[in-house]
Engineer: 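Okay, handing you the structure first.
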Amino acid sequence: MGDIRYGSLLVNKLTKKTVEMAEKSYEEEHPTKAFGWAARDQSGVLSPFKFSRRSTGEKDVRFKVLYCGICHSDLHMAKNEWGTSMYPLVPGHEIVGEVTEVGSKVEKFKVGDKVGVGCMVGSCHSCDSCNNDLENYCPKMILTYSTKYHDGTTTYGGYSDSMVTDEHFVVRIPDNLPLDAAAPLLCAGITVYSPLRFFNLDKPGMHVGVVGLGGLGHVAVKFAKAMGVKVTVISTSPKKKQEALEHLGADSFLVSRDQDEMQAAMGTMDGVIDTVSAMHPILPLISLLKTQGKLVLVGAPEKPLELPVFPLIMGRKIVGGSCIGGMKETQEMIDFAAKNNITADIEVISMDYVNTAMERLLKTDVRYRFVIDIGNTMKI
């Protein structure tokens, strides 16, 4: 029995030693020390993490992170629910801050500028997508965290004190946008802005439905209204009607489980932006479309949805998808938001509250986006 106990203690000591050595290597991988919060395994629990960032290259922008939004994908990635996570994992791709250093060949930014980084930090710059300002569809797109960068090292996100990013993937934040409430626009904002533009659902007088009133949906309502579009919010929850109409300015509200309401609205919409990531039927949404209407999916359910073809054929209707946006369009979106005073509705939290925030996010207990106050609450 004593041998077993001794063996167990030895294994624990060796495991602890291995972890300590690994953590040390993350600190020494690059020249500049950095600090953040990371998930170490599929539990998704985040804790303080010392690591390092690369030196500022000639085309790099280094900035102090001030705020970072919590996207639902951060939760999926922390728990490896998509099977692609690399640990230790520092999440965060709704990142804003202030420039502290720029490389010798940087042209668009200077020290002191307010900037942001969204979902990607690299691409090939040579494929058709990149050549058409669609880096978000580049086969070699490099995500802001938990992927390999050009130099072979792992990318770490914005739950950290600093970022170093190629200037091509940095967005300028206009002075009149509050940094905390602008942060979620770098993912949630561009995710809904891009399909409104691409699918031509941005013309004054058009009628667009927005399915789901969460982090994506509430911003979709704001952008569509600013474009002059008539907006109907479609939700399973009648409780959200007052919020949608009075606070967000939607024109009407449909309870998707109310057959009479859905029947009355059939064939009235030019397009529908579906932000829901849970499993749900899309036939009722297709039925809301006018002839040649467009249903655009931006939520990502874990299992395939059932696609009824007959209603598409009979109305020449389209079901499409959209994923964030290219860098040119992301800057355009931020500038449009600044011009029209569009920000996300947020709850600002401290860094040490992040695990509780993740639990609340799982229950959709947030209106509508958590944003971490990195600048004031990140402590080593």
Side-chain angles (χ1 to χ4, degrees), residues 42 44 71-86 89 91 93 119-120 129 134 136-141 143 145-147 187-188 190-196 198-199 201 208-220 232-237 254-259 262-263 265-267 269-326 358 361-364:
Q42 293 187 9
C71 176
H72 211 285
S73 57
D74 295 346
L75 181 58
H76 288 302
M77 289 294 289
K79 292 176 176 287
N80 195 28
E81 290 176 350
W82 293 332
T84 60
S85 301
M86 288 186 260
L89 184 146
H93 58 208
C119 301
M120 56 184 169
S129 292
L134 295 170
N136 50 314
Y137 298 118
C138 171
K140 296 180 179 178
M141 177 183 67
L143 297 173
Y145 65 86
S146 200
T147 49
C187 174
I190 188 60
T191 295
V192 295
Y193 178 91
S194 184
L196 285 168
F198 178 78
F199 290 98
L201 298 174
V208 171
V210 174
V211 188
L213 199 61
L216 295 176
H218 89 285
V219 178
T232 295
V233 170
I234 305 156
S235 174
T236 57
S237 173
L254 286 177
V255 178
S256 55
R257 292 181 176 140
D258 187 317
Q259 298 298 320
M262 294 294 283
Q263 184 80 24
M266 282 179 62
M269 299 181 191
D270 298 285
V272 171
I273 304 291
D274 185 352
T275 72
V276 176
S277 293
M279 293 297 294
H280 61 290
I282 59 173
L283 176 59
L285 304 178
I286 292 171
S287 300
L288 295 173
L289 296 172
K290 296 176 181 176
T291 300
Q292 302 186 128
K294 301 157 187 173
L295 169 62
V296 187
L297 308 174
V298 295
E302 290 179 21
K303 296 177 183 177
L305 299 176
E306 188 175 314
L307 180 63
V309 175
F310 198 68
L312 301 181
I313 295 172
M314 296 310 293
R316 196 155 76 175
K317 298 175 183 179
I318 292 171
V319 176
S322 186
C323 177
I324 57 171
M358 289 290 193
L361 183 61
L362 197 56
K363 303 171 190 169
T364 63

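For the numbers below, each heavy atom of this structure counts, side chains included, while hydrogens, waters and symmetry mates do not.
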Engineer: May I ask you to decide if V211's main-chain N or O and T275's side chain share a donor-acceptor pair within less than 3.5 Å?
Structural biologist: yes
Engineer: Using the test side-chain hydrogen bond (donor to acceptor under 3.5 Å, both in side chains), find all partners of H72 that sit at least two apart in sequence or belong to another chain.
Structural biologist: H76
Engineer: Using 0.5 Å steps for rounding, measure from the CE atom of M120 to the CD1 atom of I324.
Structural biologist: 4.5 Å
Engineer: Under the side-chain hydrogen bond (donor to acceptor under 3.5 Å, both in side chains) rule, what pairs show up with a residue in residues 309-319, not counting sequence neighbours?
Structural biologist: Q292-R316
Engineer: I want to check something: taking the side chain as every heavy atom from C-beta on, are I234 and L288 in contact at a cut-off of under 4.5 Å?
Structural biologist: yes
Engineer: To the nearest 0.5 Å, tell me how far L75 CG sits from M358 CE.
Structural biologist: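 If I round to the nearest 0.5 Å, the distance is 5.5 Å.
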Engineer: So, do M314 and T291 sit near enough that their side-chain heavy atoms are less than 4.5 Å apart?
Structural biologist: no
Engineer: Name all residues meeting the side-chain hydrogen bond (donor to acceptor under 3.5 Å, both in side chains) criterion together with D270; count only those two or more places apart in sequence or in a different chain, and write none if there are none.
Structural biologist: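 Partners of D270 by the side-chain hydrogen bond (donor to acceptor under 3.5 Å, both in side chains) criterion, ordered by chain and then number, come out as K290.
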Engineer: Listed by chain and number, what are the side-chain contact (heavy atoms from CB on, under 4.5 Å) partners of S73, not counting sequence neighbours?
Structural biologist: C71, W82, H93, Y145
Engineer: Checking F198 now: which residues fulfil side-chain contact (heavy atoms from CB on, under 4.5 Å) with it, not counting sequence neighbours?
Structural biologist: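 Scan of F198 (side-chain contact (heavy atoms from CB on, under 4.5 Å), adjacent residues dropped) gives none.
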Engineer: For S85, what residues pass the side-chain hydrogen bond (donor to acceptor under 3.5 Å, both in side chains) criterion, not counting sequence neighbours?
Structural biologist: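 Partners of S85 under the side-chain hydrogen bond (donor to acceptor under 3.5 Å, both in side chains) test: N80.
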Engineer: For P308, give me all partners under side-chain contact (heavy atoms from CB on, under 4.5 Å), at least two apart in sequence or on another chain.
Structural biologist: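 Applying side-chain contact (heavy atoms from CB on, under 4.5 Å) to P308 gives I282, L283, I286, P311.
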Engineer: How far does CG of L254 sit from CE of M269, to the nearest 0.5 angstrom?
Structural biologist: 5.0 Å
Engineer: Short question: side chain of Y193, backbone of V219 - any donor-acceptor pair under 3.5 Å?
Structural biologist: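 No, Y193 side chain to V219 backbone: no donor-acceptor pair under 3.5 Å.
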Engineer: Measuring only between side-chain heavy atoms, which start at C-beta, is M262 closer than 4.5 Å to Q259?
Structural biologist: no
Engineer: For T147, check side-chain hydrogen bond (donor to acceptor under 3.5 Å, both in side chains) against everything at least two apart and list the hits.
Structural biologist: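 With neighbours one apart ignored, the set is T155.
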Engineer: Looking at every non-hydrogen atom in both residues, tell me the closest pair between M279 and P304 and how far apart they are.
Structural biologist: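 Nearest pair, atom of M279 first, then P304: CE-O, 3.5 Å.
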Engineer: Counting N and O atoms only, with roles assigned by atom type, does the side chain of S146 sit under 3.5 Å from a partner on the main chain of M86, one being a donor and the other an acceptor?
Structural biologist: yes
Engineer: Going by heavy atoms in the side chains, are H280 and T236 under 4.5 Å from each other?
Structural biologist: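 Not in contact.
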Engineer: When rounded to the nearest 0.5 angstrom, what is the spacing between OG in S277 and CG in L297?
Structural biologist: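 If I round to the nearest 0.5 Å, the distance is 10.5 Å.
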Engineer: Can you check whether L312 reaches L307 side chain to side chain, under 4.5 Å on heavy atoms?
Structural biologist: yes
Engineer: What is the minimum heavy-atom distance between L201 and V208, and which atoms define it?
Structural biologist: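 So the two residues come closest at O-CG2, 3.8 Å.
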Engineer: If I take atom CG from residue L89 and atom OG1 from residue T84, how far apart are they, to the nearest 0.5 angstrom?
Structural biologist: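 If I round to the nearest 0.5 Å, the distance is 8.5 Å.
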Engineer: Would you mind listing every salt bridge (Lys or Arg N to Asp or Glu O under 4.0 Å) that reaches into residues 272-284, with sequence neighbours excluded?
Structural biologist: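 Sorted result for residues 272-284: empty, none.
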Engineer: Can you pull the salt bridge (Lys or Arg N to Asp or Glu O under 4.0 Å) pairs that have at least one residue in residues 73-86, sequence neighbours excluded?
Structural biologist: none
Engineer: Enumerate the salt bridge (Lys or Arg N to Asp or Glu O under 4.0 Å) contacts for residues 303-313, please, sequence neighbours excluded, ordered by first and then second residue.
Structural biologist: none
Engineer: CG/N136 to OG/S322 distance, rounded to the nearest 0.5 angstrom?
Structural biologist: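 Between N136 CG and S322 OG, I get 7.5 Å after rounding to 0.5 Å.
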Engineer: By side-chain contact (heavy atoms from CB on, under 4.5 Å), which residues pair with A78, not counting sequence neighbours?
Structural biologist: A39
Engineer: On a heavy-atom basis, which atom in V296 and which in P195 lie closest, and how many Å separate them?
Structural biologist: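 In this case the closest contact between V296 and P195 is CG1-CB, 3.8 Å.
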